[in-house]
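Below is one structure, written out as structure tokens; comments come after it.
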Amino acid sequence: MPIQILLNLSIAIIWMLLSSHFSFSTFLVGYVIGLALLYLFKSFLKFDLYFTKIIAFVKLILVFIKEMIIANLNVAKIVLSPKLKAKPGIVAYPTELNSALQVTLLSSLITLTPGTLVMAFSDDRKTLYVHTIDIDSKEKVIESIKTTFEKGILEVTD
Amino acid sequence: MLLSLLHIAIIAPFLFALVIPFFYKKIPSIHTGWFVLILPTVIFIYLLTFIPTISRGETVTQLLPWVPSLGINFDIHLDGLALLFSLLISGIGVLVILYSIYYLDKNKESLHNFYFYLMMFMGAMLGVVLSGNLMVLYVFWELTSLSSALLIGYWYDREKSRYGSLKSMLVTVSGGFSMLAGFSLLYVITGTFTITEIIAQVDTVAASGLFIPTMILVLLGAFTKSAQFPFHIWLPDAMEAPTPVSAYLHSATMVKAGIYLVARLSPVFSGSSEWFWIVSGFGLFTLLWGSFNAVRQTDLKSILAYSTISQLGMIMSMLGLGSAAAFYGYEAGYTAATVAAVFHLINHSTFKGSLFMVAGIVDHETGTRDIRKLGGLMTFMPITFTISIIGAFSMAGIYPFNGFLSKEMFLESMVEATHITSLNMASLGFIFPLVAWIASVFTFIYSMILVFKTFTGNYQPEKLDKKPHEAPIGMLIPPIILVGLVVIFGFFPNILAHSIIEPAVQSIYPYGLTGVEHFDVHISPWHGFTPALFMTVSIVAVGVLMYLTLTKWQKIYTFLRLHQKDPVNYIYDGIVKRVVPVAKRVTKVPETGLLRDYLAYMYIFLIVAVVFTLYHFGGFAIETANVAEIPIYVWVIVAVIAAAALLIPFLKNRVTAIIATSFVGFLVALLFVMFRAPDLALTQLLVETVTTALFLLCFYHLPELRNEKSKPTFKWTNVIISIGVGVLVTTMALSSLALKSKKGFESIANYFLENAHDFAGGDNVVNVILVDFRGMDTMFEILVLGIAALGIVALIKLKLNGKEDINEK
Amino acid sequence: MSNLLVVPFLLPMVVGAVLIFFAKHHRLQRIIAGLTGIALFVFSIYLTYRVYQSPEQMIHLEVGDWRAPFGIVLVGDMLSILMVLMASFVGLVCLFYGFKTIHIERERYYFYSFFFFLLTGVNGAFLTGDLFNLFVFFEVTLISSYVLISHGGKKFQLRESFKYVVMNMVASAFFLVAVAYLYAITGTLNMADLGDRVAMLDQQGIINVIAIIFLFVFGAKGALFPLYYWLPKSYYGPPAVITALFGALLTKVGLYSLIRTFTLIFNQNPAFTHTIILVLAGATMIFGVLGALSKFDIKSIIIYQIISQVGFMIMGLGVFSADAIAGSIYYITHDMVVKVALFFIAGIIIQLTGTADIRKMGGLLKKYPLLGWSFFIAAMSLVGIPPLSGFFGKFSLIVSSVGEGQYVIVGVALVVSLLNLFSMLRIFMNVFWGEETDITFALSNEQVNGLLRTVIPLIAVTIALGLGAEPAFQYVSAAADQLMNPTHYIDVILP
Amino acid sequence: MEILIALLIGVLFSVATYLLLTKSLLRIVLGTVLLSHGAHLLILTMGGLGQGAAPLLGQEAGSYTDPLPQALILTAIVISFGMTALLLVLTYRTYKAHQTDDLDQLRGRLDE
Amino acid sequence: MSEIVISIFLLIGAIFMLLGAIAIIRLPDAYTRINAATKASTFGVIGTMIGLFLYFSYAHDVISGKVLLTIVFVFITAPVGGFMMARSAYHAGVRIWDKSVRDDLKEDLKQKINKPEH
Amino acid sequence: MLHSVAFIVMCILAIAIALCLFRMVKGPSMFDRIVALDLLGITLIGFVGMLMIVQQTLVYVEVILVLGILSFVGTVALSKYMEGGVVIERDRD
Amino acid sequence: MKNNVSLHTMTRIAVFIILSFAIYLLLAGHNNPGGGFIGALMTASAVVLLYISFDLKTIKNVLEFYFPYFIGTGLIIAIGTGISSMIFGYPFLTQFFTHAHLPILGDVELTTALVFDIGVYIVVVGVTLLIITTIAEDDV
Ligand code: NA
Ligand code: NA
């Protein structure tokens with residue numbers, strides 16, 4: 001139930017963003033719309049949504065932004081260098097994360113950072129296959145993900 | 001304004017026709033003909049009451065508006081000519097129906113059809129001759145063609161009946177159509193369809209530049225109906241109709257409608273040498289052709305058919321001659337020719353009617369009409385023989401029958417023709433008596449053949465299906481009445497002179513004879529030793545000689561290749577046979593079934609028409625201002641769109657193709673943003689995406705793109721057409737824009753901008769237009785979508801195999 | 001202001017929408033559809049009467065209360081209202097024929113909805129006074145026709161429907177193109193306003209080209225030479241009732257639009273534009289009738305007769321005089337009736353004998369005289385044999401053409417009429433005359449008579465229109481006068 | 001600007017026409033899609049390009065661009081969307097029924 | 001000053017978008033292209049959208065939530081888009097660049113085929 | 001100044017679009033084309049943003065969001081299609 | 001290895017955003033870009049995204065609608081606004097609007113055009129989804 005309220009609130013906020021009109025009435029309309037949508041999809045919501053650990057979340061975002069900037073610069077370097085010297089490959093990344101939301105979050109973060117792209121999940125969702133533009137070593141790739149994102153996500157969601 | 005009795009006389013047969021099936025079905029024990037007989041009898045008697053009035057030189061007119069907007073009024077104009085014809089129609093009608101009662105078996109025949117057609121014909125024919133309005137005349141004219149065709153095809157399971165029916169319909173209706181054009185021209189010239197009014201404007205008609213075409217068109221109608229060469233070919237085939245029909249329509253009445261028309265319109269057209277030459281020329285040639293060909297026929301009815309053709313030509317030639325004589329003030333010639341024409345018209349109806357009935361009797365009693373099988377019937381059917389000998393001798397022009405009188409008058413008028421000094425007659429006039437003489441010889445011969453090959457000579461029972469008897473009395477009465485008339489008119493020709501012939505001649509009275517107030521028609525059998533008498537004598541002499549030596553010279557027909565069928569038939573058959581193959585070829589060539597070809601026709605038409613118009617009017621313009629101000633990125637975007645689009649035809653992979661199309665679509669949306677159309681951009685993007693999704697969904701059911709194997713000419717034609725279309729659209733766009741900036745009408749759009757907020761309560765003007773100013777567009781646009789969706793459901797789920805629509809309920 | 005004008009297209013639309021909910025209840029569908037058909041017809045009569053009696057002989061409605069030329073305006077003038085009346089009549093007759101011949105599965109898949117949507121489009125196209133709105137109604141008509149023409153999804157149908165749809169989509173695209181050009185130059189969409197503004201232009205070159213593009217667009221929908229090639233086969237696929245409906249209504253929408261635009265808007269250079277129309281009219285007649293002669297399939301023959309008759313119907317426009325246009329209007333009216341009758345009869349024959357090949361039939365007249373004579377009358381009317389309606393149509397066209405000195409077209413029309421006669425007699429003589437073949441008849445006499453009950457009224461109308469041509473001609477002459485006097489139209493719409 | 005877009009429209013029409021003239025069902029469908037793009041752009045161009053602000057009155061701009069062609073195009077887009085959808089389904093049903101997407105083989109015989 | 005900031009954001013965004021485009025031209029196989037394009041474009045969008053957001057709040061005094069929402073949306077969906085493309089490519093049999101150094105997915109798929117689940 | 005920047009940005013983006021077209025045409029795999037289309041969508045977001053600055057209006061902001069949404073939907077649909085030939089599965093299980 | 005975990009999760013989130021946006025587009029259309037048609041296509045896109053990410057059966061269980069009725073209903077609503085103006089003696093399809101001051105919501109513009117647009121919306125949603133599901137279900 002609280003998850004749904006949360007979702008409802010976020011729809012109301014999205015509504016405000018859409019309307020570019022930050023007032024109570026807009027919020028209320030958004031809330032009502034959210035309520036209607038949730039009613040419509042009542043049998044469809046099964047993921048855990050838990051936004052309490054805001055601080056951890058902010059931290060995660062900051063880490064992410066930093067990583068992202070670096071990543072983009074890296075890609076820029078590779079793309080613009082006169083001779084292509086990338087060593088791409090697909091790396092299997094084992095994760096300890098459980099919930100769908102966690103795994104999704106992780107994969108998104110991975111994808112948005114250093115030359116890496118999650119391109120498949122194992123059927124049990126325990127292994128992420130990560131395409132990497134430039135691999136030094138498999139361990140290095142795994143290590144960097146483990147220490148930045150997976151840790152951050154655990155902090156946020158647990 | 002009200003229907004007069006005369007109108008009712010015309011309409012009654014039609015109404016009566018409608019109840020005939022009732023008699024046939026409900027009272028099968030009595031031959032339907034007996035019921036039918038009543039009406040023509042009543043009409044005939046009623047018409048007889050007009051004789052005193054008409055012979056006084058008066059005319060009866062009854063007006064009834066029908067379609068006054070088009071100048072079509074059901075006006076009745078009863079004068080001498082009309083009375084003569086209407087009496088023939090109703091009188092002979094009575095006899096023919098009486099005859100048919102014995103001729104058609106009430107148990108075997110579809111009498112309701114027969115009498116239905118016959119009544120329809122009678123009404124139509126009365127309508128033709130009584131109508132004072134050309135268009136009403138035309139209406140009934142076509143109805144006579146129609147009923148005639150139906151009667152010819154009465155035994156419709158016979159191939160020949162259908163052939164004859166189609167032929168008569170095509171020939172007479174084509175004449176009718178040309179007549180319609182002629183009448184239309186007359187209307188345009190005179191502003192009326194009323195015959196008397198047209199006659200009153202004869203000077204206008206003569207002065208019109210359209211005089212000759214009008215005349216020819218009208219004459220085509222008359223000639224086809226009256227079986228004038230070369231349109232006569234339908235008449236022999238019309239003999240497939242039951243014999244009463246042949247007697248009635250195809251000798252006594254309908255075929256004379258053309259004569260009637262020529263007579264009726266003589267006052268309008270006769271003031272020209274063309275009229276004379278055409279009418280008389282065709283008449284004479286038909287006379288000759290008919291008589292010449294009658295001799296080679298072996299079927300009794302065929303002989304009679306060609307004989308009819310010949311006699312109609314004869315009457316026609318006399319009418320032409322009469323009008324010419326009148327026009328050049330040669331009154332004696334006029335009277336001689338016209339009186340002869342009218343008198344012969346009556347006589348022909350009597351003797352030819354009786355001869356047809358005889359042919360029917362012979363056919364009925366022996367099962368054949370082929371003279372090669374017949375012979376020696378005299379002893380079996382003496383009455384019939386007597387009838388036929390009177391009829392045939394009259395036809396041959398032998399004294400003392402009515403045919404002798406009119407034939408001699410004819411010869412006389414032909415001789416008179418040489419006295420006309422103008423119209424090149426001085427040099428060509430000799431043709432008239434010459435042709436008349438030759439034709440008369442042949443007429444004599446076939447008349448003899450008709451009688452003697454049937455009734456004398458060897459009786460050949462082995463060639464006949466049944467043993468001949470004398471016909472039942474009911475079947476004999478009508479021909480007896482007719483030959484009775486042949487004899488009576490032969491001895492007392494003047495009983496008709498004042499009552500019938502004189503008013504009729506008066507009606508044909510052309511305007512050239514203004515000085516003459518009244519004709520005195522007097523017919524006498526003896527004129528002294530005139531050239532005509534010598535001609536008659538020589539005709540009989542030569543005729544007898546040639547009849548006796550028939551086998552000796554008959555090979556001439558084979559030599560002339562006339563032995564199989566009338567050569568004109570080759571033309572008709574050739575055309576009719578070729579129409580379908582030609583139609584097939586003409587249809588097949590463009591109708592390839594290939595969509596590309598159909599589109600190519602459309603595009604080529606469009607391009608050619610537009611180029612032609614532009615060339616004709618000019619108007620191409622272009623405003624080159626502001627080209628320099630276009631930012632570079634717009635050039636790039638436009639180039640990218642163009643490049644993406646140009647690539648699509650070359651793509652071999654359908655997903656690539658759809659991605660390229662999406663590419664174009666997305667960039668078009670960008671253009672919409674550039675050109676300040678946010679709603680458009682949104683819609684374009686959404687539609688593009690959903691469309692792409694639809695394509696992908698449908699790809700599941702579709703094959704991969706193929707390489708097209710086409711000839712280079714095919715491809716290059718396509719390329720040229722495509723470029724043409726593109727150039728056309730662009731050229732026109734630029735020209736329109738140039739004109740827009742030059743002319744600058746204020747767009748109605750400003751109204752929307754000014755009023756959207758205050759009067760429609762919305763700021764998004766595009767949306768306001770869609771839901772308010774032009775809400776109706778939107779309402780039906782969503783209807784289109786709804787139909788599309790439901791249609792897709794039906795397309796996918798409803799799969800019939802074709803049997804369902806037959807027999808389903 | 002008269003909201004009456006919306007009824008002819010709104011009623012079928014609402015009913016079409018409502019019937020979606022009853023798609024599975026075919027009996028209820030039929031009851032609703034039948035009542036609607038009757039109501040629509042009765043209402044159309046009333047509306048025609050209203051228009052005829054109104055002082056301007058024209059009523060109009062500014063939809064949404066936005067005055068012309070800004071909003072969309074509906075115009076019921078003499079011509080459009082007559083077309084609506086005829087469409088409603090044809091629709092009604094087709095509906096009842098459909099009840100007897102349409103398969104239950106078709107009814108389940110929204111047949112009646114599509115039927116009414118088609119009527120919506122057709123009536124809307126007749127009534128609108130706005131060029132773009134005309135486009136929209138065209139599309140409503142077309143998409144309904146796409147669906148109906150492929151309804152049932154038979155192999156043959158699918159193949160030919162594809163061609164039909166593509167051809168029409170191309171024509172529709174050029175409709176938009178032409179509207180765009182016209183809008184660029186005149187800045188308006190209202191037809192009265194267009195007429196007004198185009199008349200004020202001194203540069204006629206571009207306008208004439210636009211006129212040609214419109215001729216192309218409407219000619220493609222109206223099946224003019226050389227734009228008709230999609231028609232013969234695509235019309236062949238669907239059941240008789242749909243072919244009848246199409247033959248009677250669809251091409252007429254194109255022709256109506258031609259008449260409307262070429263009298264109201266593109267009337268500046270008739271010597272050029274209308275001569276082109278006249279040439280196309282002649283070619284259409286000729287090629288249509290040759291097509292008819294090339295076939296032995298009764299349905300195909302009558303389909304080609306659609307094309308041939310189209311030539312006659314626009315002949316009056318090409319001649320461009322009040323009398324000629326009156327002739328055209330009368331001819332269109334007559335053709336709607338006769339064409340439907342012919343398709344119904346062909347449908348009965350095909351159902352009865354199980355074949356459409358006239359060479360395989362024969363002697364039907366004996367067992368089915370009413371059917372035979374119905375056909376004969378309809379055929380003779382089509383050919384123009386008096387005193388049936390077809391005669392008066394042809395006659396008035398010919399007299400007016402002669403009056404305008406257009407002799408060539410008169411000659412063509414008469415020759416084509418003769419060929420028409422030949423083609424129709426060929427059917428009659430093969431099917432109804434001739435020897436009886438060993439075909440077993442698939443319909444009982446009651447069934448045939450039941451189907452004939454929808455044909456007889458049509459035959460009655462063609463006779464009545466002939467014998468009672470005077471009131472009809474008074475009407476069409478008034479309608480033609482209205483068309484030839486566009487300023488009246490413009491003054492009423494744009495006071 | 002209008003000249004450039006008019007040229008683009010010409011290209012779109014040419015390509016569309018070329019595709020329509022091919023013998024492949026699918027290419028023809030693509031042709032109709034491009035044809036409608038061309039027609040829509042044409043309507044917009046004919047209304048005049050790039051004068052004034054987008055026709056949303058809330059912006060309070062001095063002048064607005066012509067909203068009418070935009071509304072017309074919207075209607076046209078919607079309609080061609082419906083048409084394209086229907087045509088697509090018709091296309092694949094035709095293909096499935098005849099087992100060919102080659103219009104050469106979909107001609108049919110003259111005397112059917 | 002603020003104009004400069006805005007300009008920088010806009011230019012960075014644009015450059016990264018261009019970079020993404022160059023990347024898909026230059027990189028050797030579909031996977032590397034997807035990989036690079038996904039993040040370059042995200043970064044590009046974020047750059048231009050922030051620039052845009054700032055511009056309107058600075059020049060027009062309007063806070064546009066939708067611009068921010070766009071960032072959010074692109075941000076959450078771009079990785080999934082990349083994921084979908086890459087995975088589908090792999091399953092559709094698009095070859096990985098022959099100079100790639102490893103392919104764990106291939107190995108694992110092979111194992112899976114060798115040892116069916118049941 | 002911002003107008004000049006917007007101009008430059010648009011020129012850059014136009015080049016990016018041209019490059020996308022190149023990859024779209026070239027392929028070689030279908031996914032190269034899909035990524036080109038995806039990138040086009042993203043680039044268009046930037047382009048429309050610049051046009052908003054040029055035209056001094058926020059009215060296209062919905063377009064931006066829609067572009068974002070649709071390039072995602074389009075990418076997913078195309079990928080799904082290329083993976084198995086089916087865009088919408090009837091029943092996954 | 002066809003696990004769709006991230007796709008499913010993100011779709012769930014994205015769909016809510018898209019649907020909210022769609023409704024916004026519908027309601028704001030009279031004054032801002034948007035309107036019934038655009039809103040409806042946006043809605044349909046969201047649902048299509050669901051269909052693509054998940055599968056027909058799953059989503060049909062969530063959205064148990066019979067789309068042909070959408071078409072009928074939407075058409076009748078749209079016509080209804082047109083007819084209602086006729087009932088009050090105005091020409092067909094005359095639209096009205098008023099500004100109402102409602103509690104909580106404040107100044108609200110009420111227009112019949114919106115009702116019309118909602119009719120459009122319903123039709124278009126019904127149409128799009130009907131087409132897509134019908135094609136997707138066709139497997140013969
Ligand atoms: Na036959
Ligand atoms: Na036969």
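Just so we're on the same page: letters track the sequence lines, and every chain starts at 1. Note: hydrogens, waters and symmetry copies are ignored here, and every other heavy atom, side chains too, is used.
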With D:Lys23 as the cation and B:Phe714 as the aromatic partner, state whether NZ or CZ is under 6.0 Å from the six-membered ring centre and within 45° of the axis.
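Yes, D:Lys23 sits over the ring of B:Phe714.
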Select one option (side chain, backbone, both, neither) describing which atoms of [X] are under 4.5 Å from chain B's heavy atoms.
X: D:Leu44; result: side chain
X: D:Leu12; result: side chain
X: D:Leu42; result: side chain
X: D:Ser24; result: both
X: D:Thr91; result: both
X: D:Ala53; result: backbone
X: D:Leu34; result: side chain
X: D:Leu72; result: side chain

Find the one option among [options] whose heavy-atom pairs under 4.5 Å with chain B are most numerous.
options: D:Gly48, D:Ser80, D:Gly52, D:Gly31; result: D:Gly52
options: D:Leu106, D:Ile28, D:Leu30; result: D:Leu30
options: D:Val89, D:Val29, D:Val33; result: D:Val89
options: D:Ile9, D:Thr22, D:Thr65; result: D:Thr22
options: D:Leu8, D:Ile5, D:Thr100, D:Val11; result: D:Leu8
options: D:Ala71, D:Ala76, D:Gly47; result: D:Ala71

Is [X] close to chain D through its backbone or its side chain, or both, or neither, when contacts mean heavy atoms under 4.5 Å?
X: B:Val668; value: side chain
X: B:Phe695; value: both
X: B:Phe780; value: neither
X: B:Leu753; value: both
X: B:Glu704; value: backbone
X: B:Glu623; value: backbone
X: B:Phe699; value: side chain
X: B:Ile748; value: side chain
X: B:Val719; value: both

Are there more than 12 heavy atoms of other residues, nucleotides or ligands under 6.0 Å from atom CD of B:Glu746?
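Atom CD in B:Glu746 is not crowded, with 12 or fewer foreign heavy atoms closer than 6.0 Å.
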Tell me if the NE2 atom of B:His757 is crowded by more than 12 foreign heavy atoms within 6.0 Å.
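Counting neighbours around NE2 of B:His757, 12 or fewer heavy atoms of other residues, nucleotides or ligands fall under 6.0 Å, so no.
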What's the spacing between [X] [atom1] and [Y] [atom2] if we round to 0.5 Å?
X: B:Lys652; Y: B:Leu705; atom1: NZ; atom2: CG; answer: 9.0 Å
X: D:Leu68; Y: B:Ser747; atom1: CG; atom2: OG; answer: 6.0 Å
X: B:Asn718; Y: B:Ile723; atom1: CG; atom2: CD1; answer: 11.0 Å
X: D:Tyr18; Y: B:Ile720; atom1: OH; atom2: CD1; answer: 11.5 Å
X: D:Leu103; Y: B:Leu594; atom1: CG; atom2: CG; answer: 6.5 Å
X: D:Leu49; Y: B:Ile630; atom1: CG; atom2: CD1; answer: 9.5 Å

I need the single residue from D:Val78, D:Thr84, D:Ile77 that forms a side-chain contact (heavy atoms from CB on, under 4.5 Å) with B:Val687. Which is it?
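Testing B:Val687 for a side-chain contact (heavy atoms from CB on, under 4.5 Å) against D:Val78, D:Thr84, D:Ile77 leaves exactly one candidate, D:Ile77.
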Tell me every residue that passes ring pair (Phe, Tyr, Trp, His ring centres under 6.0 Å) with B:Phe773, counting only those two or more places apart in sequence or in another chain.
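Ring pair (Phe, Tyr, Trp, His ring centres under 6.0 Å) list for B:Phe773, sorted by chain: B:Phe752, C:Trp66.
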Tell me every residue that passes ring pair (Phe, Tyr, Trp, His ring centres under 6.0 Å) with B:Tyr751, counting only those two or more places apart in sequence or in another chain.
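Here the qualifying residues are C:Phe70.
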Determine whether the side chains of B:Glu781 and D:Thr75 contain a donor N or O and an acceptor N or O closer than 3.5 Å.
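There is such a pair between these side chains.
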If you tally heavy-atom pairs under 4.5 Å against chain D, which of [options] wins?
options: B:Arg774, B:Met674, B:Gln684; answer: B:Gln684
options: B:Leu671, B:Val768, B:Leu697; answer: B:Leu671
options: B:Gly726, B:Ser722, B:Ala788, B:Ala756; answer: B:Ser722
options: B:Ile796, B:Val766, B:Asp597, B:Val784; answer: B:Val766

Before giving the answer on side chain to side chain donor-acceptor pair (under 3.5 Å), spell out for B:Asp679 and B:Asn764 the whole-Å C-alpha distance, their side-chain angles and the decisive distance to 0.1 Å.
CA-CA 9 Å; B:Asp679 288 87; B:Asn764 181 350; 3.1 Å; yes
Worked verdict on B:Glu754 versus B:Asn750 for side chain to side chain donor-acceptor pair (under 3.5 Å)
CA-CA 6 Å; B:Glu754 282 155 20; B:Asn750 295 329; 5.5 Å; no
